[in-house]
**Student:** 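I have a structure here, written as structure tokens, and I will follow up with some questions on it.
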Amino acid sequence: MRKATGFLEYERLPESYERADLRIGHSREFVRALSTGDARLQAVRCMDCGIPFCSSGCPVNNIIPDFNDLVFNDQWKTAIDRLHLTNNFPEFTGRVCPAPCEAACTLNIHRDPVGIKSIERAIIDNAWEQGYVVAQPPKIKTGKRVAIIGSGPAGMACAQQLARAGHEVTVYEKNPALGGLLTYGIPDFKLEKSVVMRRIHQMQEEGVVFKAGVAVGPKVTEVGYIDHSEATLSAQELESEFDAVVLAVGSESPRDLPVPGRELAGVHFAMEFLVQQNRRVAGIEAAAPISAEGKNVVVIGGGDTGADCVGTSNRQRANSVTQLEVMPKPPAEEVKDLTWPYWPYRLRTSSSHEEGCERDWAVQTKQFVGENGTLKALEAVRVNLVNGRFEVMQGTEFQIPADLVLLAMGFTNPTAKLLDAFGVEKDSRGNAQAEFGAYRTSNPKVFAAGDVRRGQSLVVWAIREGRDCAAAVDAWLR
Amino acid sequence: MQYPKSQGLYDGRHEHDACGIGMVAHIKGRKSFRVIRDGLEILRRLDHRGAIGADPLQGDGSGALIQIPDALYREEMATQGVTLPPAGEYGVAMLFLPNKADDEVVCKRTVETVLADEGFEWIGWRRVPLRRDIPMSEAVKTHEPEIWQAFVALKTQSDQDTLERKLFVARKVLEHTVQSLELMTGYQFYIPSMSSRTVVYKGLLLADQVGEYYCDLSDERCTSALIIIHQRFSTNTFPSWDRAHPFRYVAHNGEINTIRSNENWFRAREQGTTSDLLGDDLDRLWPLMDPGESDSARFDHALEVMLMAGYSLEQALMLMVPEAWEGHPEMEPNRRAFYEYHSSSMEPWDGPAALVFTDGRKVGATLDRNGLRPARFLVTDEDYIVLASEAGVYTVPEERIVKKWRLQPGRMLLVDLEQGRLVGDEELKSRVAGAKPYREIVKNLTTKLDDLPPVEKREDTASIGTLRQIQSVFGYTREDLKFLMLPMAESGEEALGSMGNDSPLAIMSQRAKPLYGYFKQQFSQVTNPPIDPIREQLVMSLVSFIGPRPNLLNPNEQPHEVRLEVTQPILNTAEMAKLRDIEKLTDGRFTSITLDICFPVDADDEEVEEALGELCRRAAQEAVKGTMILILSDRCASPDRVPFPALLAVSAVHQHLVQTGLRTRIGLVTETGSAREVHHFALLMGFGCGAVHPYLALETAKSFAPDAATAKKYEKNFIKAVGKGLLKVMSKMGISTYLSYVGSQIFEAVGLNGDLVDRYFAGTTTQIEGIGFSEIIGEAREIHRTAWERPDLDEGGEYAWRAQGEHHNWSPDAIAKLQHATRSGKYETFKEFTKLANDETTRNTLRGLLRFAPVAAPIDIALVEPATEIVKRFVTGAMSLGSISTEAHTSLAIAMNRIGGRSNTGEGGEDPARFAKIDKLTMLSEVIGAGRVERDYELQPNDSLRSAIKQIASGRFGATAEYLVNADQIQIKMAQGAKPGEGGQLPGHKVSEYIGYLRHSVPGVGLISPPPHHDIYSIEDLAQLIYDLRSVNPQGSVSVKLVAEVGVGTVAAGVVKAKADHVVIAGHDGGTGASPLSSIKHAGTPWELGLAETQQTLMINRLRGRVRLQVDGQLKTGRDVAIGAMLGADEFGFASAPLVVQGCLMMRKCHLNTCPVGIATQDPRLRKHFSGQPEYVVNYFFFVAEEVREIMASMGIAKFDDLIGRSDLLAARDDIDSEKRRHIDISRVLHNPDIKGEPRRNLGPKGISLKDVPDRKFVRQSKAALERFEPVVIRETVRNVDRALGTLLSGEVARRHGHQGLPPGTIRLQLKGTAGQSLGAFLARGIVLELEGEANDYVGKGLSGGTIIVRPPALFKGAAEENVVVGNTVLYGAIEGECFFCGVAGERFAVRNSGAVTVVEGVGDHGCEYMTGGTVVVLGRTGRNFAAGMSGGVAYVLNEDGGFAGRCNMAMVGLEVVDGDSHDEDSEAYELHRLLTKHRDLTGSKQAEKVLAAFEDYQGLFVKVMPNDYRRVLEERAAKSAEMVGARG
């Protein structure tokens, strides 16, 4: 049994990082996971709340108090079994999840929250090391066939669940490498790709068939949309061949910044930049490489993708890195009385920021300034947020020297072409219309899960939707 | 007889009664009129023990039983020209006949015919002369029967016993015959008595009317050597003539808790029992008991049939009300064997009982094993014996009295009128027990399962599937393992939880639930006390017999039935194996058979029901065949075989065997994988199973263990925990022995339909219908089906919230929204909360099935009563400072005082510093002390920290006169939602300096709250406590808190009749306190049921207008309040919601002291985190009130008063989305009794009039003392009707001068005579109360610094130390003061004493129980179980016979010698000597004189009783102060 007063006796021990100046010299993960011994003492801080707000705040509803208990009791095998009951891929969330669970942790009200994410990672890393993670092929085959489009976290979770339920699952991925944004979007320094691949292997052993480089529907050629497919398959072909189709293609259309100078060389979508880097690490050099080396880099957009651009730029030895955000600077600390257990709005400084970066807020880009079609600077102005609208503050215009601008302003919606190909209705934001929990689109055979349905979101939400969608498909097929 | 038709939730079966009893007899058997006259005088003086309903002229009934007054009848009949045969050769039937002329005639005809048929010669009718013109209520009059006597004699010559037997049979036949006539007023036909020896005069009369109404009783020709009298206090107010006592053989004060099981087992005996004496007549007696008769009436029937079958009066009573022999090693072996032998033939009729009984030749009295009813008696030198519930009811010159004593627990008193002598308990019991060599008989007939050789183990579940799969098959959840079973296996105890139950009822849940979940445990409140199974273990027993039971009705037959005994009814694997092989192991002495209780997975519902029927038939066949043990087993469960819910199988088989009269021929054992928590075992056994083998639970417990040795320990622990839990379930209902628990059915069904219940659980109440057979089987199939597929067990989510689990009213988002709303003051956010909360409530609670059904158009909200008025109806829950932190406790009080609502102290006293109003901006720490506050906050001018409601609970902690006078309302906590019927415990480490100060206890010493209030064992006791509290604080109102369960309405009616101003109905789901998980989940019912039943019952009884009703239990939103009001509530209690507002997160860790938000903790590190503010709570209540206003406006209702009781404005929703919930029929909840002129709400205070009590005079005479501290002496003669003497005066002292009171001895009350109950209750400092005479129960209750001296009258000749001078439960909850009692006290002396210093010359059982402080000197013998639960204080006992150690409960205390020299002022000996000297000087005690005269010799004979906890704390303190001295030095 756990100690009821653990939280009073032990302080939070965060995962440690490799020194910033050292880690920017390579592209490997630099977070040092907790030792099993440390994880035990972190787990004992958990109070096993009557209402585990962490579990409520966690999109996959991990039963956090239970695995904490198991870790404390050194029952690592049972711990990973419990964790896998709710989360197919704790090694992903253990690395890249912003951990809303920790924001919701009861200890977070007056102290530091339990290091849930670090414990999760310790459980799964240990499980892989000990060989606890093995294929779980189904005992009975149903003979039903399901196609899943997209091999990102939603597609993977959905595929694994359906395969274990005994269905024949084929996953189509338009790009040559599997894993979607896990592989292409998230930098290696946060998530090494071998971590994704060993999961793919497990799933293959469980019977999931992956078809990479195959785009479904018409090939999409929009700027910023990453499609390296070598073959295509029509929606009709897929529909006739499979009993059900799951769209798990994400929400890939990036938000643009249509200001003067947008066309200048040196202004790129973040994803163009990040994908190239990941492919580079994997040994594939782009035909037209974008590099930050020696440049003054300006990242527009203060979110996670922006931070990834910062980290990547530093690793490419940029001369300077500046990150701009149109929203005002968030408070350093939230008013917990009014925000807990919800995700608080406050200033967040990521490991990438620690590696060197200027940050500025309440700044709107007016135009990109170039010479000979090449970007030289960025002209911006300060703004006030008044009743949800940005008001320009007269006389605050300024210029920032810039050789490379990366637009990291989020994604608007999935590509309409694919949805149209399946005759799937869209919601007001252009996402696939399907009810949360049901996942069924207007096409009775077609389901949608993950960002394609809910809009851009977290990996952990993608896993949740993939799992739930699998349950919906399974129920429908039975 | 005539009860209002059961309607809505009201059901006449739930009526209770209790009373005052008495007896007068001439020991030599001399008949006289004086005996009758004296008896009736006692009856009059017991008047206050009865009750009066809505109409002051309608009492609950009283009566008298006397010997046949032959002279009177002879002369009377002679006037008709009839000559009676010689006395003893004729019988007199006392008859109540219908008052409708036609029916009367028919009945008289029938009487004549039946008697003739039964071989009687008709002698004549006599119209019993009555004074019908005495004042009588209309309702009583309407049902007044015609009263006649019939005189008959046997045609053939026979002895008087035969005559009696014939009269008995004839009476039963007559009763059955008239009943079969189905006359319209046939319900009035009743035969009070029919005997050649005794006659009963009784009716629905007030106590002083019996003698007046029946002219015979005031006729001097009417003579008898004995009279038994009775005054009834019933919960109902319905005119019922037949329910008056005495019955034919007994008058009873108390309640038979085990009545259901006693009745069932009697029914089970109907077939197959034989009696040599009754012969073929026996078959004509059944059914012995009528439905609708009271427990006392049933007791009388059972006793009667046993007497007729040849038992002697005392023998029969020893069987029915055995003393506690199981835990009594000192009992004479043959007597023990007598009890042991008969325990298998007759299950105890258990419950608080004082019984007076007679067969006309002997008269006697006995008390139940717990001694829970008072009975005092005296013997005079003229050979009169007078016994009554109280002393002082009989006026006799002191010099004539030779003995004053009391009935003791389990003891019997018998007057043999024929032998002309008083027979003591010892003598009569050894005589009865000596009649046969019971030791040998028991030895020869009993086989103990433990003694049989072990059998090779061969059974496990591995063959069927993995452990996890099998667990799944039986519906185990992960929580069952984690929260329930692991703690049981590890610690041998049930696990604790807190913060109530907010998950759905089984019927409301969308998940498949085990059948067990559809039953709720019943518990005792008010009408009978729960027992403390730990501290009073000596009365408890789990011994069970497996196998046939002996024939009850042939006492003279040579005993021959073999019995298989188990020490407790949970069998381990080895024991089960023995049982299976029992034939081999015992050479055929016993036989057993196992029947499979699984059905094929593909069977349809009809086939399944048929399979169950087949099971029952097989069971009956086996019984007929002579198989002795039937094992019902679900071990055959497999993917193809679905186990029946074991409870269904057990109950079906048990009931089938009862109905076919075969149940006593075969023992019933269940081998099931399903039973895993205490509630499951309690149900299986309560529905008739003799023993259970929980193979899967045991395997599971073992699976937790790391090694084989630990596994063994875990199995043992698990069984131990279940055993303890069972004792708790039994004791909650006041049942002491397992044998009378089996088949007692003390459960109610919630969510099962009537058909199913009637068929398989007959006799169980189900109020809202629900699912039936096919749905239950459906759920069993569902659980079974999914079991083989799921990767892990179901999450459960009952005990802790789980996203994947059960719903909870408090969802994470609801908590967040409520906190954000009340902190920010944003009503919009509150509406978000409301939506979430109402959605959950809709899913989880019965009120979710209701919708508003307005009958008027909406009105402008501006016209609706303002929120400032509505919030005055809101109160916060009773949470003590101790259960919650100082910060949380005070902030709630401030908030409630700001809005004009009320907060509740909870049990645990209150800091007097909080009583004064705040006059300027002040910090909290300035008021209650800087060291006592961890998070300070600001108080506004006019704030008040005083809790308007002061709770008084069983521990009486801090309940001083000062505390009580500083209350607007005093709340008597009879039960709490979290654990009705259970006590509590505050471990020593939680008793901080401040808490110790508040509770007047020693910091560091643990405190125990007993399960019952030791001054409330029945309804008339409650009336007395209400009277006491009223006396101390006449301005305040008195509230009684009850918990919803079936029958609570009836209890509430009794409470109102006991003159409470206010009643709280708490739901099962409320309650914030720590409690065993099974109690949180399975005891009590939703408030919707309890409140509606209460409202309906009070209206039907015309009592509603007298009382204010409050409801609590998971109230959160305006909708909850509106529905509560419509179902009848005037006021609303909130506990968890205000706590959530103050930061509570439903951690449910209150019992661990680790509350991270500083609410339910005393840890200063955590209390710093308290972040509540009174403002937040104020915001919350105004938000709720605002919502109520919106609802009122939408329904066109402007005034809140007009909402109360308007259940017609509610309707069942028709959009219920769950299949299961659609089976609920909520209409009975909405039933609205239409009682003309009866209000639906409280109409204002009624209360008790204290206008003429002696204390008024005392207050007037004490003016100089009260105002100017001038000494005053008051002399007064008192009688037993003068109750709570000195209490009102003490209230006055406390009001003016606080706990400090007056200087010592300022007011001296010098009283003479017999004081009524509660002498000197809450007596304040500065008052000395001297009584020359004797006193009744509860002397010095809550003593608050005063001094009480009681000494026998100078004229009394008996030795003080051999006679009783004060009654039971003296010094209960005494805080401080001194008492000197020259004589012996009754049971439970100084129970829960926290500081009084006292000397007494002998005490009864359970002396110094739960004592936490003070000093008790006993100069004589103590009873058994001395010092049970004693954690503090010291007792010195004079151990002259050397036997004290055997009578002391050593669980928490050690025995020491009295140290030191009596001349050394620092020594114990000096202190003892000083007290004895004072005792001698104040009382003239001869015993003290004797001891003092040779103190050096006697010092060694004293034993010092020292609690271990107390010694530890004293030693720690001494060490600390030594350290400090050292440091300074």
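Excluded from the calculations below are hydrogen atoms, water molecules and symmetry mates; all remaining heavy atoms, backbone and side chain alike, are included. Below, chains carry the letters A, B, ... as their sequence lines are ordered, and counting in each starts from 1.
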**Student:** For B:Asp813, which atoms come within 4.5 Å of any heavy atom of chain A: side chain, backbone, both, or neither?
**Tutor:** both

**Student:** Can you label the angle between the B:Trp810 ring and the B:Phe833 ring as parallel, tilted or perpendicular, going by 30° and 60°?
**Tutor:** parallel

**Student:** Under a 4.5 Å heavy-atom cut-off, does chain B meet the side chain of A:Leu85, its backbone, both or neither?
**Tutor:** side chain

**Student:** Heavy-atom pairs under 4.5 Å with chain A: which of B:Gln819, B:Arg1148, B:Arg478 has the most?
**Tutor:** B:Arg478

**Student:** For A:Ile109, which atoms come within 4.5 Å of any heavy atom of chain B: side chain, backbone, both, or neither?
**Tutor:** side chain

**Student:** State whether A:Trp343 and A:Arg348 meet the cation-pi test: NZ (Lys) or CZ (Arg) under 6.0 Å from the six-membered ring centroid, and within 45° of the perpendicular axis.
**Tutor:** yes

**Student:** Can you tell me if B:Lys835 has over 12 outside heavy atoms packed within less than 6.0 Å of its NZ?
**Tutor:** no

**Student:** Answer with side chain, backbone, both or neither: which region of B:Phe704 has an atom nearer than 4.5 Å to a non-hydrogen atom of chain A?
**Tutor:** neither

**Student:** With a 4.5 Å cut-off on heavy-atom pairs, point out which of B:Ala803, B:Pro812, B:Ala800 contacts chain A the most.
**Tutor:** B:Pro812

**Student:** Assess whether atom NZ of B:Lys826 is packed by more than 12 heavy atoms of other residues, nucleotides or ligands within 6.0 Å.
**Tutor:** no

**Student:** Angle class for the A:His110/B:His1169 ring planes (parallel below 30°, perpendicular above 60°, tilted otherwise)?
**Tutor:** parallel

**Student:** Measure from NZ or CZ of B:Lys1081 to the centre of the six-membered ring of B:Tyr799, then state whether that distance is under 6.0 Å and the direction lies within 45° of the axis.
**Tutor:** yes

**Student:** If I measure from the heavy atoms of chain A, does B:Leu1152 come under 4.5 Å with its side chain, its backbone, both, or neither?
**Tutor:** side chain

**Student:** Please classify the contact between A:Thr339 and chain B as side chain, backbone, both or neither, with a heavy-atom cut-off of under 4.5 Å.
**Tutor:** backbone

